[in-house]
Structure formats: structure tokens, C-alpha cells
Amino acid sequence: MTSSQTASSRNQITAPARVNLLGEHTDYTGGFVLPIAIPFQTRATIQPGASRQYRFRSDQFPGERILTLDDREGRENLWSDYPVGVLRELQKIGISPPPFTLELTGNVPFGAGLSSSASIEVASCLAILRLARETLTPQQVAQLCQRAENIYVQSPCGIMDQFVIASGRANHALMLNTRDLTYQCLPMNRGTLDDTCIVVCNSMVKHSVAAGEYGTRRLESEQAQAAICAAHPAIRDLGDATIGMLNTVADRISANAYKRAHHIITENGRVLQAKDAMEHGDAQTLGELMTAAHASERDDFECSCDEIDFLVETALELPGCLGARLTGGGFGGCTVNLVSRDHSQSLAAALRRQYLDRWGIEAQTYVCEAVDGAMRSNGFLEGDHHG
Ligand code: GLA
């Protein structure tokens with residue numbers, strides 16, 4: 001490394017995107033998720049500023065957002081709300097960075113369900129921490145970035161995206177218990193899993209219901225959770241609940257609340273089975289669980305759409321596909337496919353071709369493997385060997 005490279009890497013942070021293998025819509029009722037970090041990048045470059053200002057720029061959007069050091073203005077419905085929200089949360093815990101210019105670049109597709117927002121939050125958070133010469137644990141970083149999104153951006157997301165983008169580990173999926181934030185890194189290269197890779201397919205559609213429906217689904221799930229907890233005092237959240245318990249409250253909750261909880265409870269069970277399958281290097285079973293998860297998302301959680309169902313059904317007919325499902329919040333976005341490595345490129349090409357024929361839309365496909373999260377890849381976790 002030359003000295004100028006050393007200087008630039010010191011003030012530059014990269015954060016990946018994420019794709020979730022299993023455990024969808026389980027992260028706001030104490031359940032399990034199984035995401036991986038994937039090799040897209042948000043790059044945050046931070047430079048000390050001369051004036052008493054914080055400046056935010058992005059190569060994706062025009063203009064610059066400028067705040068003074070003691071500015072407390074609210075959100076502006078701009079991309080910069082994400083890093084500004086992070087700055088606010090850092091200030092709330094007593095971290096007051098010196099003036100800076102933060103510039104964001106990168107290639108994470110926006111609005112595709114691959115967590116461009118959490119990638120921006122984590123990259124910004126780590127860049128500001130480095131400038132301020134402060135450190136936080138991976139859990140604190142994930143929770144702080146989630147609060148930035150919940151409180152400042154006012155988007156009611158769970159903790160999954162921020163957590164895996166901060167703490168993911170190369171060649172592993174991160175199984176996170178979202179109740180207590182304990183996690184385990186499960187190998188993606190054991191047994192028959194070693195012959196597989198992940199193919200992400202971006203449908204390029206995002207139905208406009210997506211934003212509002214996330215909140216509605218969350219409220220319906222919480223309604224079922226409250227009813228179960230009231231009837232069964234030992235139960236802390238849906239993470240503990242069984243279908244038998246859900247059935248005891250069926251006549252006290254709406255039909256939708258029942259279906260949402262049915263998805264969540266069965267989905268938590270699938271993540272636990274997937275853990276077992278991964279520990280045994282059993283790609284076949286992991287794939288079957290992913291495909292079963294899709295049926296549950298489509299029929300019980302009702303967060304799929306025709307384009308996504310088409311991509312899942314088409315993939316499952318193609319050689320080499322072991323499992324396919326909708327990933328992320330839903331109503332469009334991406335599918336995630338577990339595919340034998342030998343077939344990954346041909347499957348991706350066939351999927352794009354058939355999708356174009358049916359919908360007239362050019363899907364994008366990404367063949368990927370799990371990469372390190374931002375705290376590992378930027379040296380915040382040196383010597384850490386969790387899981
Ligand atoms: C979005 C949210 C996550 C999670 C998923 C659904 O990606 O940001 O917290 O709830 O939807 O699993």
C-alpha cells in the first residue's frame with residue numbers, strides 16, 4: 001500500500017447489501033432470520049470539514065445537504081435522511097463528531113429489497129465513528145442504525161438488515177435471534193452446500209402498496225402476538241408461540257392476523273430446521289425449506305405478487321434449482337434461489353429470458369456468495385471469530 005492509499009482507506013468505509021435466505025417478516029416479533037451479506041457496496045468517504053458544518057453528498061442524487069453542528073431539523077424525505085438519522089442517533093448517545101463532508105457512492109440497487117438503506121446507514125455510521133475515533137459493538141451499530149430508520153426516517157423496519165450488513169461473515173449465513181440478538185454463523189460450504197451458490201433475481205418491480213403494507217402486516221402480526229401472550233403468560237412473543245397456541249385465540253383475532261401469525265410461526269420453525277440442514281451440509285433440505293417459505297409468504301403473509309410468483313415457479317422448473325422464494329419486504333423486489341454451482345449461469349440466463357417473454361421486463365440476476373459484513377471488512381472486528 002502506498003501512503004495515499006493508506007490515507008484514503010482510513011477515511012473510506014464500504015458496506016455490503018444483504019439477501020435473506022429464510023426467516024421473512026419474523027424480525028419484529030422476536031423470531032429468527034437467516035440472511036447473508038452480498039457483494040454490492042455502499043462506499044462512504046468522510047473528510048474533516050473546515051467550517052462548523054456537516055455536509056452530505058451522493059453520486060446518485062444531485063445537491064448537497066448541509067447541517068450546522070447544532071442543527072436539529074427533521075427529515076426531508078431525501079436519501080440524506082438515512083445518514084442524517086444516523087448522525088442524530090450518534091449525537092443522542094454523546095458522540096459529537098467534528099465537522100465533516102460525507103460522500104456516498106456505490107452500486108446497491110435502490111428499492112430492490114436488497115437493503116440499500118441499511119447499507120447506507122451502516123457505512124455512514126462506521127465512517128462517522130472512525131472520524132470521531134469512537135467504537136461501538138456490532139450490536140450497538142445495528143441497533144443505532146435501526147433507530148435512525150425507525151425514528152428519523154420513520155420506517156418501521158426490524159433489525160435484520162442492519163445486523164447482517166454490520167456483522168455478516170464470508171461463506172456463512174448469519175442466524176440471528178431477533179429477541180436477544182444472539183447469533184450464530186452457519187457455514188455455506190459444508191457437504192452438498194459447497195456445490196451451490198445463491199442466485200438473486202431482481203424483478204425490477206416494486207408495487208406501490210409496499211410502503212404502507214409493511215406497517216399493516218406488522219400491526220396484524222402484533223395483534224395476534226398480543227392475543228397469544230394474553231392467553232399464554234409464559235409466551236414472550238411470536239418467537240415462542242406454536243400453531244396450537246394460535247388456534248386457541250383464533251376466534252379473538254382477525255382472519256388476517258391469524259394468517260400473518262401462521263406464516264411467522266411456521267417460518268420460525270423453518271429457520272430452525274434450516275440451521276440443522278446447514279450444520280449437516282444438506283442443500284436439498286435447505287432448498288425445500290426456502291420453497292415452502294415462499295408458499296407461506298404468498299398464501300399466509302400475502303406479500304408476494306404475480307411477477308415474483310412467476311420467477312419462483314420458473315426457477316423451480318429449471319435444472320439445478322434446489323429452492324426459490326421471495327426475499328425481503330415483498331410486493332416486488334427480488335427472489336433468492338439456491339442453485340447448483342454448475343447451473344447458476346444457465347439458470348440466471350433462462351430466468352431472464354422467460355421473464356422478458358412473459359412480462360416484457362428485463363430482470364437482473366446476480367450470482368453471489370456470502371461476503372463479510374462491514375465491521376469485519378473494515379477492521380472493526382479484528383480478531384473476532386464469532387460463531
Ligand atoms: C425489510 C425490513 C426487515 C425485515 C424484512 C422482512 O427488509 O427492513 O427488517 O422485516 O423487510 O423480513
Side-chain angles (χ1 to χ4, degrees), residues 18-36 111-115 156-158 160-161 164 173 175-176 178 198-203 205-225 238-239 241 243 246 254-274 285-316 321-338 351 355 363:
R18 74 95 184 88
V19 74
N20 189 18
L21 301 184
L22 212 56
E24 215 66 82
H25 289 281
T26 51
D27 71 341
Y28 40 84
T29 48
F32 298 105
V33 291
L34 190 63
I36 60 174
L114 300 179
S115 259
C157 65
M160 163 171 71
D161 306 344
V164 69
M175 181 177 157
L176 174 68
T178 64
I198 297 299
V199 178
V200 176
C201 183
N202 185 350
S203 68
V205 299
K206 190 80 192 164
H207 291 284
S208 54
V209 292
E213 290 297 309
Y214 186 94
T216 311
R217 294 291 184 284
R218 187 169 174 155
L219 289 176
E220 290 164 345
S221 308
E222 287 166 354
Q223 189 203 355
Q225 175 170 265
L238 287 182
I243 296 295
L246 174 62
S254 70
N256 277 348
Y258 181 92
K259 286 207 274 185
R260 309 313 177 223
H262 193 270
H263 162 75
I264 291 171
I265 294 169
T266 58
E267 185 79 347
N268 283 325
R270 281 185 287 274
V271 179
L272 291 172
Q273 284 176 267
T285 301
L286 178 61
E288 284 164 10
L289 290 164
M290 290 168 68
T291 305
H294 184 72
S296 178
E297 292 179 279
R298 184 192 57 211
D299 302 336
D300 277 347
F301 213 75
E302 295 177 294
C303 59
S304 189
C305 60
D306 292 344
E307 296 90 339
I308 290 286
D309 290 343
F310 176 89
L311 284 173
V312 167
E313 284 154 25
T314 306
L316 289 170
C321 186
L322 297 167
R325 62 181 279 274
L326 161 69
T327 188
F331 308 100
C334 290
T335 62
V336 57
N337 306 273
L338 183 69
L351 210 47
Y355 189 68

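Please read these numbers as outputs of a predicted model, since none were measured by experiment. Numbers here are sequence positions counted from 1.
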Closest non-hydrogen atoms of A241 and I265, given as atom of the first, atom of the second and distance, are O-CG2, 3.5 Å

Can you list the residues that meet the salt bridge (charged side-chain N to carboxylate O under 4.0 Å, His left out) rule with E302, with sequence neighbours excluded? K259, R260

Taking side chain as C-beta onward, heavy atoms only, is I36 less than 4.5 Å from L21? yes

Partners passing side-chain contact (heavy atoms from CB on, under 4.5 Å) against T266 (at least two apart in sequence or in another chain): I243, H262, R270, S296

Rounding to 0.5 Å, atoms CG (L34) and CG (L286) come to a distance of 7.0 Å

Verdict with supporting geometry, V33 and V271, side chain to side chain contact (heavy atoms under 4.5 Å, CB included): CA-CA 7 Å; V33 291; V271 179; over 6 Å; no

Go through the structure and list residues passing salt bridge (charged side-chain N to carboxylate O under 4.0 Å, His left out) with K206, not counting sequence neighbours. none

Could you pull out the closest heavy-atom pair between S203 and L311, with the gap in Å? CB-CD1, 3.7 Å

So, using side-chain hydrogen bond (donor to acceptor under 3.5 Å, both in side chains) as the criterion, who are the partners of D309 when residues are at least two apart? H294, S304

Sorted by chain and residue number, the side-chain hydrogen bond (donor to acceptor under 3.5 Å, both in side chains) partners of E213 (sequence neighbours excluded) come out as R217

To the nearest 0.5 Å, what is the distance between CG (L272) and CG (L22)? 10.0 Å

Partner set under side-chain hydrogen bond (donor to acceptor under 3.5 Å, both in side chains) for Y28, not counting sequence neighbours: H25

Which heavy-atom pair separates N202 from C334 by the least distance, and what is that distance? CA-SG, 3.6 Å

Could you measure the distance from the CZ atom of R325 to the OG1 atom of T335? Nearest 0.5 Å is fine. 10.0 Å

D306: partners by side-chain contact (heavy atoms from CB on, under 4.5 Å), with sequence neighbours left out: W359

Considering residues at least two apart in sequence or located in another chain, which fulfil the salt bridge (charged side-chain N to carboxylate O under 4.0 Å, His left out) criterion with R218? E222

Can you tell me how far apart OG (S221) and NE2 (H263) are? Round to the nearest 0.5 Å. 8.0 Å

What pairs with A261 under side-chain contact (heavy atoms from CB on, under 4.5 Å), at least two apart in sequence or on another chain? A224, L238, L246

Under the 3.5 angstrom rule, does the side chain of Y214 hit a backbone N or O of C157 as a donor-acceptor pair? no

All heavy atoms of Q223 vs all of A257, minimum pair found to be OE1-CB, 3.2 Å

With sequence neighbours left out, write down each residue that passes side-chain hydrogen bond (donor to acceptor under 3.5 Å, both in side chains) with D27, or none if nothing qualifies. none

Minimal heavy-atom distance between N20 and P35, with the atoms involved, is OD1-N, 3.3 Å

Rounded distance (nearest 0.5 Å) linking atom OG1 of T314 with atom OH of Y355: 10.0 Å

Taking atom CG of L289 and atom CD of Q273, what is their separation to the nearest 0.5 Å? 5.0 Å

Any side-chain to backbone donor/acceptor pair from R18 onto G113? Under 3.5 Å, distance only. yes

All heavy atoms of G31 vs all of N268, minimum pair found to be CA-OD1, 3.3 Å

